[in-house]
Each structure stands twice: as structure tokens, then as C-alpha cells.
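The structure appears below as C-alpha cells.
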Protein chains: 2
Amino acid sequence: MLKIALVEFFIVKYITKHIIRNDLKRLFTYRLCLIGFKRKGFDRLYSYTLGEEAGVSADQVRKDFSNYKIKGNKKGGYKIDDLLRSIDDVIKHQDEQYMILVGMGNIGRALVQYKTFKLRKMIIVASFDIDPSKQSKRFGVPVLPLEMLEDIIKKFHVHVAILAVPAISAQDVANRLIDLGIKGILNFAPVILKAPEDVIVNNINIGDELESVIYYTQKVM
Amino acid sequence: MLKIALVEFFIVKYITKHIIRNDLKRLFTYRLCLIGFKRKGFDRLYSYTLGEEAGVSADQVRKDFSNYKIKGNKKGGYKIDDLLRSIDDVIKHQDEQYMILVGMGNIGRALVQYKTFKLRKMIIVASFDIDPSKQSKRFGVPVLPLEMLEDIIKKFHVHVAILAVPAISAQDVANRLIDLGIKGILNFAPVILKAPEDVIVNNINIGDELESVIYYTQKVM
DNA sequence: TCATATCTGTGACATCATTCACATATAAAA
DNA sequence: TTTTATATGTGAATGATGTCACAGATATGA
């Protein structure tokens with residue numbers, strides 16, 4: 001007798017949509033490029049310069065800015081500082097962002113020490129792991145038991161969590177985080193998390209990303 | 001006197017296109033879900049079951065399969081084993097994949113020990129770092145100086161590299177890898193790498209992904 | 001064995017994203 | 001100051017991606 005997976009067999013808590021828009025992602029890319037140009041000592045650039053650097057067409061750059069009501073100077077290009085300010089405005093970039101991290105495996109430990117987070121003032125206020133042996137160690141931030149999630153989330157008014165737990169426990173931990181008021185999850189566990197409408201989940205599946213690369217290299221050869 | 005960034009100022013080596021197709025990524029997602037279902041003891045499922053789990057519509061699932069000429073059974077749904085075999089066939093999934101990793105910082109060290117890679121038989125044959133103090137240590141794989149890149153790439157016929165070096169040196173290292181015959185790069189450095197047409201670059205910008213999440217949480221509230 | 005309910009497979013349609021093309025503004029040069 | 005070359009800004013056209021709807025196949029149950 002075959003065992004058929006019917007959707008009815010599961011308690012479907014939530015629906016998740018793929019929500020991170022490409023045009024928004026491009027805004028972050030532009031931002032990155034602009035910071036690079038600024039570091040090289042430039043004050044201004046043109047849409048085609050930025051497009052070249054960001055790997056998109058000049059039309060795309062201008063269209064994106066048009067959609068987000070970001071203005072440049074006719075003929076004069078864009079002032080980098082103005083542009084950065086406009087983008088920061090659109091993406092509501094704030095100076096300091098507090099978050100928590102759950103799961104101190106390989107990925108988790110790397111992320112709590114990740115310098116780019118520090119540079120961009122993304123501050124992990126605490127990390128969590130069920131393994132008591134990890135709790136004794138310190139990795140720049142305290143490693144706490146999951147029982148303390150509520151305390152920390154409430155104390156620091158955290159709305160964003162990074163999830164780096166094994167696949168098997170990811171949905172359970174996510175549910176717990178959502179119950180405690182977390183509204184955004186960056187998920188590194190190789191599962192598609194389910195979450196309610198008002199919670200954004202961004203799934204990063206490193207294994208899949210690598211396999212995509214492998215796929216294309218095989219295609220070329 | 002303003003300094004304007006003109007595209008002519010740079011030696012534009014290559015053009016990179018954003019190439020990883022969404023429908024292919026979904027194939028990987030389906031694969032992941034199917035393995036999950038199988039582990040739970042199921043033999044068969046329907047397009048809407050898989051869609052629900054993968055976070056897409058049933059139509060989308062069927063359309064994807066249709067596009068890749070993957071067949072199911074009218075009314076009877078899909079046999080999980082058949083489906084997995086078909087998908088593996090499309091993505092040219094091979095049992096063992098050899099690759100190298102450059103940059104043994106936080107992310108690099110995490111990735112050489114990343115269990116999902118091991119599970120999926122993605123094997124990092126060697127890692128590289130300019131820092132001699134890291135070369136003395138062992139993290140499951142040998143840490144070698146960059147001078148040995150050519151030896152290893154030739155010896156193991158490696159075509160895929162994971163790049164986890166600082167942003168500032170990412171393009172230089174990438175150029176070097178490409179010169180040595182690397183055809184696919186999974187890049188964790190927060191820059192948009194330029195590469196020739198026949199080299200696939202998959203950029204994972206963890207900072208941007210996190211900032212996207214933050215953006216949406218602020219929008220909701 | 002036959003009837004039927006229901007799930008697949010895929011064109012037709014709709015929506016979303018990107019490119020094109022040109023009117024408009026203006027920085028820079030004369 | 002005037003001219004001109006050139007970059008922006010944005011509707012319109014094109015192309016890609018996802019949804020709908022239904023014909024056709026068949027597993028299931030009577």
C-alpha cells in the first residue's frame with residue numbers, strides 16, 4: 001500500500017510568498033557600488049557607469065531610480081552622496097539594527113563574527129543554542145539557552161532573527177520566534193519556512209546556490 | 001573640481017549577467033521538499049502538495065515540470081522516486097563534486113565544515129589563504145598558500161570555486177581563478193564580480209539579504 | 001468491467017520586468 | 001551669453017514569467 005502525501009495530512013499553519021523584490025535587491029547593489037566609487041574618491045557618476053559596475057543596463061538603473069522617485073541631474077549625472085542618501089531613504093536604512101541569532105553551528109558562529117554586519121551596524125545582541133557546551137563559550141556575543149529568547153527579544157525590542165539551526169528543527173524554532181514577535185527571519189536552514197503574511201522570511205540555501213553554479217559549469221563544458 | 005566616475009576610466013574586463021534562473025532554483029527547492037517527504041515515509045504526492053511545501057502554486061509546479069519535460073501520472077500524482085530521478089537528470093546531479101575554497105575567514109571556515117555540503121557530496125578538496133598563520137592550522141581540509149592554486153586545480157580537475165575573501169581582493173582572486181580555468185564561482189564577498197561569458201558567478205551577499213529582511217519588517221510595522 | 005471523480009499537461013491569457021526611444025533639461029564649451 | 005552635445009526621465013514596446021482553464025488520461029471504487 002502506497003503512502004501518498006496529501007496536503008490535508010498536514011496542519012498548514014501559514015503561507016509564505018517569495019517576497020524580496022528584485023528591484024529592491026538592485027537598490028542594495030547600487031548602494032554597494034556607490035560606496036565603492038566613493039571610496040575610490042569619486043563624487044559623481046552616470047547611469048551607465050553605475051550600471052556597468054552593478055552588472056545591469058543603464059536603462060535599468062534609470063528606470064529603477066524613476067520608479068523610486070530618485071532624481072539625478074539632467075546631463076550632469078548623479079551626485080554619489082545625494083544618491084546614497086536617496087537610496088538610504090527608500091530602504092529606510094537606519095544607523096543601528098538589533099537582531100538575534102539562533103543556532104551556533106558552523107554558519108552561526110561565522111555570522112556572529114561577520115565583519116560586514118559590524119561595518120553596517122547590524123548588531124547581534126545575543127545568540128542562542130540548545131547545546132549547553134556551546135553556552136559556556138563566548139564568541140563575541142553571549143550564547144544563551146532558548147528559554148531566554150523571550151527575555152532578550154522583549155528587552156532589546158528585537159524584530160529580526162537569523163536562523164542557522166539544522167533543517168529538522170528550523171520550522172519549530174521559527175514558529176517559536178514568530179510567537180515571540182519576530183517579524184523578519186533570515187533563514188540558512190535548507191528548508192522552506194512557512195510563516196504568516198506579516199512575517200518576512202528570506203531563505204538562503206547555500207547548498208542550492210552552489211549546486212546552481214555546478215549546473216551551469218557543466219552546461220558550458 | 002569634482003571627480004566624475006566615467007566608465008572609460010576602468011579597464012572593463014568582462015560583463016557579468018545575472019544568470020541563475022528562477023525556474024532552475026525552484027527545481028532545487030522541489031528536490032529538497034521531495035527528500036523531506038521521502039524521509040517522512042511517503043511514496044507519492046500531488047502537484048499541490050509539493051507546491052504547498054515549496055511555497056509556490058500547484059500550477060507553477062506542473063508548469064515547471066512541463067517545461068523540463070518531467071512527467072507524472074494523470075490523476076495518480078507523482079512518484080517521489082521517479083520525480084527525484086527526473087530532477088537529478090535535469091540538473092545533471094552527480095554523485096561527487098570537487099571544488100576549492102579561497103579565503104579562510106569566518107565564512108570560509110564555516111563552509112569547509114558545512115555539513116550540508118558533505119551530505120550532498122560537494123567536496124572541498126583544499127582551501128587557500130594568504131595568511132601563513134592560517135595555513136598551519138587544519139580545519140578538516142588543508143589550508144594552502146595561493147601559489148598552490150594551479151597545482152590543486154590541475155590535479156583534481158576542479159572547475160568550481162567558493163570565494164570567501166574580503167571585498168577588496170575578491171576581483172583579483174577571481175581573475176586569477178578564471179585564468180587557471182575555473183568556470184563557476186560562488187562568491188560571498190560583497191562586490192559584484194566581473195567575469196567572462198563562459199564563467200558563471202553566483203553572488204551571495206549576506207549583508208544585503210539581511211538588510212532586505214530589515215526593510216520589510218519596518219514596512220509592516 | 002464500467003463509470004466517475006480528479007489530477008495532470010499545456011496552450012491561452014495576464015501580469016510583471018526590461019529594453020527602447022525620444023523629449024527634455026542642462027553642464028560645459030565657445 | 002549662447003550654443004551644443006549629452007545624460008536624464010519616462011511612456012510605449014517588447015520580452016519573460018506566472019496564472020488560468022480546460023481537455024485528456026487514469027486510478028479508484030462500485
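Below, chain A is the first sequence line, B the second, and so on; all start at residue 1.
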Could you tell me whether B/Y78 and B/F65 have their ring centroids closer than 6.0 angstrom?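 When the ring centroids of B/Y78 and B/F65 are compared, they turn out to be within the sub-6.0 Å range.
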For B/F28, does the six-membered ring have the charged nitrogen or CZ of B/K25 within the cation-pi criterion, i.e. under 6.0 angstrom from the centroid and within 45° of the normal?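 B/K25 over B/F28 ring: no.
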Could you tell me whether A/K40 sits above the aromatic face of A/F37, with NZ or CZ closer than 6.0 angstrom to the six-membered ring centre and within 45 degrees of the axis?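 Yes, cation above the ring, under 6.0 Å and within 45°.
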Rounding to an integer number of Å, can you tell me how far [X] [atom1] sits from [N] [atom2]?
X	N	atom1	atom2	result
A/I70	D/dA7	CD1	P	20 Å
B/K75	C/dT4	NZ	P	13 Å
A/K74	C/dA25	NZ	P	6 Å
B/I20	D/dT17	CD1	P	13 Å

Note the angle between the end axes of the helix from C/dT1-D/dA30 to C/dA30-D/dT1, five pairs defining each, rounded to 10 degrees.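 Computed angle between terminal axes is 20°.
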One thing to verify: whether [Y] and [X] come together as a salt bridge, which I'm taking to mean a side-chain N less than 4.0 angstrom from a carboxylate O.
X	Y	answer
A/D88	A/R85	no
A/D198	A/K183	yes
B/R31	A/D208	no
B/D81	B/K38	yes

Can any side-chain N or O of A/N187 pair as donor or acceptor with the backbone N or O of A/V191 at less than 3.5 Å?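 Indeed, once roles are kept as given, a pair shorter than 3.5 Å links the two residues.
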What is the nucleic acid contact for A/F65, judged by heavy atoms within less than 4.0 Å: base, sugar-phosphate only, or nothing?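 No contact.
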OP1, OP2 of [N] versus side-chain N and O of [X]: anything below 4.0 Å?
X	N	result
A/K71	D/dT10	yes
B/Y46	C/dT8	no
A/S47	D/dA7	no
A/Y68	D/dG9	no

Looking at D/dT28, C/dT10, C/dA28, which one has an atom nearest to any side-chain atom of B/R44?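 The closest nucleotide is D/dT28.
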All salt bridge (Lys or Arg N to Asp or Glu O under 4.0 Å) counterparts of A/K74, not counting sequence neighbours: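 Not a single residue meets the salt bridge (Lys or Arg N to Asp or Glu O under 4.0 Å) criterion with A/K74.
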When you check every protein heavy atom under 4.0 Å of nucleotides 12-20 of chain C, what one-letter string (B, S, -) results, 5' to 3'? B----SSBB
